[in-house]
Protein chains: 2
Amino acid sequence: MTKHQMSQATTCPVARSVEVIADRWALLIVRDAFDGVRRFGDFQQGLGVARSVLANRLKSLVEAGIFQVQPASDGTSYQEYVLTPQGQSLFPVVVALRQWGERYLFGPHEAHSQLVDTATGQPLPLMQPVAVDGRTIAPEQARVNKVV
Amino acid sequence: MTKHQMSQATTCPVARSVEVIADRWALLIVRDAFDGVRRFGDFQQGLGVARSVLANRLKSLVEAGIFQVQPASDGTSYQEYVLTPQGQSLFPVVVALRQWGERYLFGPHEAHSQLVDTATGQPLPLMQPVAVDGRTIAPEQARVNKVV
DNA sequence: CAGTATCCCTCAAGATACTG
DNA sequence: CAGTATCTTGAGGGATACTG
């Protein structure tokens, strides 16, 4: 089954999301965007990705509605890549990945980058599980892919 | 920069998580596991993935500590692949991907699979944002990748 | 049924050089 | 600086056949 056939067929939102953003670079580009990066060169330097690859990914992400291109804010004639509302809605995905990584992929005393509240400047531990209607839901209480 | 070099260098939890699970199949395998799938053949049939690919992915996921292999519960001599606690902790990631997909990758009347509360049998809309210390946090209030 | 082994092939990724 | 064009390489994925 090809990717395209799959995207036509699947009724699973997880699968569709995976097709769009679950690749090596897309999520890191989005992460950097949340950190304020907007320019091609800054993405490129920060990620260490080949220019051609970055150009392709950004194009895909624009087509997917995650980024939009707009004139540079500093008056130069270049472009900026900024998250659309749809792209900003990926925040919980990035946070969930971050929380999981912090918890399982680092040693107890190993340093890692942290989430910071831009209002207070304080680090946000952010270790609460996803909440449903004000209560916490554990994996055992739900089935992820039940078709109804 | 190779993948391995990257895994040694990065202090970003998002990047480490991406290395482990952000590929085309891994997250779908985890999704199916949350839906109760445990056997090789069931994963294979459900995903439509090549056997060899599935075997590789499952091996990687076991090595990463996301799945563990255990004797089949039905008395046959085969194995079952079940999520470890670390693997179950990917629940928020899968849910976040699901929510985003539901919201942006489906038409208003297009059917999709849903999350179901196994206790009540009711579908869970699950559209609340990630909570921090009991309050809701919006993307604008935080930086994802600030190193502190 | 549950994998493993093999072959083939496509595409993603990197490097480099070039253009506006 | 911000891309585009081109080439090469290698890993990932599919199909098939084989084994316990």
Participant: How long is the line joining CZ of B:Arg24 and P of D:dA11, in whole Å?
Facilitator: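 Roughly 17 Å, once rounded to whole Å.
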Participant: With rounding to the nearest 0.5 Å, note down the distance linking CD1 in A:Ile66 to OG in A:Ser60.
Facilitator: 9.5 Å
Participant: Measuring from atom NE2 of A:His112 to atom OG1 of B:Thr11, what distance do you get when rounded to the nearest 0.5 angstrom?
Facilitator: 9.0 Å
Participant: Rounded to whole angstroms, how far apart are CZ on A:Arg38 and P on D:dG3?
Facilitator: 15 Å
Participant: Would you say a side-chain N or O of A:Arg51 is under 4.0 Å from OP1 or OP2 of D:dA2?
Facilitator: no
Participant: Could you tell me whether the side chain of A:Thr10 and the main chain of A:Ala15 form a donor-acceptor pair under 3.5 Å?
Facilitator: no
Participant: Rounding to an integer number of Å, can you tell me how far A:Asp23 CG sits from D:dG13 P?
Facilitator: 12 Å
Participant: May I ask you to say whether A:Arg98 pairs ionically with A:Glu102, meaning some side-chain N is under 4.0 Å from a carboxylate O?
Facilitator: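 Yes, charged N to carboxylate O under 4.0 Å.
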Participant: In dot-bracket, 5' to 3', how would DNA chain D read with Watson-Crick or G-U wobble pairs under 3.5 Å, [ ] for crossing ones and | for pairs to another strand?
Facilitator: ||||||||||||||||||||
Participant: May I ask you to decide if the ring planes of A:Tyr81 and A:Phe67 are parallel, tilted or perpendicular, using 30° and 60° as cut-offs?
Facilitator: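 Rings of A:Tyr81 and A:Phe67: perpendicular, over 60°.
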Participant: With sugar-phosphate meaning primed atoms plus P, OP1 and OP2, does B:Gln79 contact a base, only sugar-phosphate, or nothing at under 4.0 Å between heavy atoms?
Facilitator: sugar-phosphate
Participant: Do the side chains of B:Arg16 and A:Glu110 get close enough for a salt bridge, i.e. N-O under 4.0 angstrom?
Facilitator: yes
Participant: Could you tell me the separation between the CD atom of B:Gln44 and the C1' atom of D:dT16, rounded to a whole number of Å?
Facilitator: 13 Å
Participant: Of all the choices, C:dG14, D:dG14, C:dC1, which nucleotide is nearest to the side chain of B:Trp25 once you look at every atom?
Facilitator: D:dG14
Participant: I want to verify a distance call: between C:dG3, C:dA13, D:dA2, whose nearest atom is closest to the A:Tyr78 side chain?
Facilitator: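 My answer, after comparing the listed nucleotides, is D:dA2.
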Participant: So if I take every side-chain heavy atom of B:Arg39 and compare against D:dA2, C:dA2, D:dA15, which nucleotide ends up nearest?
Facilitator: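 The listed nucleotide nearest to B:Arg39's side chain is C:dA2.
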Participant: Does B:Leu58 belong to the same Ile/Leu/Val/Met/Phe/Trp/Tyr cluster as B:Val53, with side-chain heavy atoms less than 4.5 Å apart forming each link?
Facilitator: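 The answer is yes; both residues are in one hydrophobic cluster.
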Participant: State plainly whether the residues A:Asp23 and A:Arg57 are in salt-bridge range, i.e. N to O under 4.0 Å.
Facilitator: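 Yes, A:Asp23 and A:Arg57 are salt-bridged.
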Participant: What is the distance, to the nearest angstrom, from the CG atom on B:Leu47 to the C1' atom on D:dA15?
Facilitator: 17 Å
Participant: Between A:Phe40 (CZ) and D:dC1 (C1'), how many Å, whole number?
Facilitator: 10 Å
Participant: For a quick check of understanding: with a heavy-atom distance under 4.0 Å over all strands, which category does A:Phe43 fall into, base, sugar-phosphate or nothing?
Facilitator: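 If one applies the 4.0 Å heavy-atom cut-off, A:Phe43 turns out to touch nothing in the nucleic acid.
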Participant: Figure out the CD/C1' separation between B:Gln45 and C:dC1, and round it to whole Å.
Facilitator: 12 Å
Participant: Does A:Gln45 have more than 12 heavy atoms from other residues, nucleotides or ligands lying within 6.0 Å of its CD?
Facilitator: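 No, CD of A:Gln45 has 12 or fewer neighbouring heavy atoms, counting only those of other groups under 6.0 Å.
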Participant: Taking DNA chain D as the partner, which of residues 54-71 of chain B come within under 4.0 angstrom of it by heavy atom?
Facilitator: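 B:Arg57, in order of number.
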Participant: Confirm from the modelled atom types if A:Ser52 and C:dA13 form a donor-acceptor pair under 3.5 Å, side chain to base only.
Facilitator: no
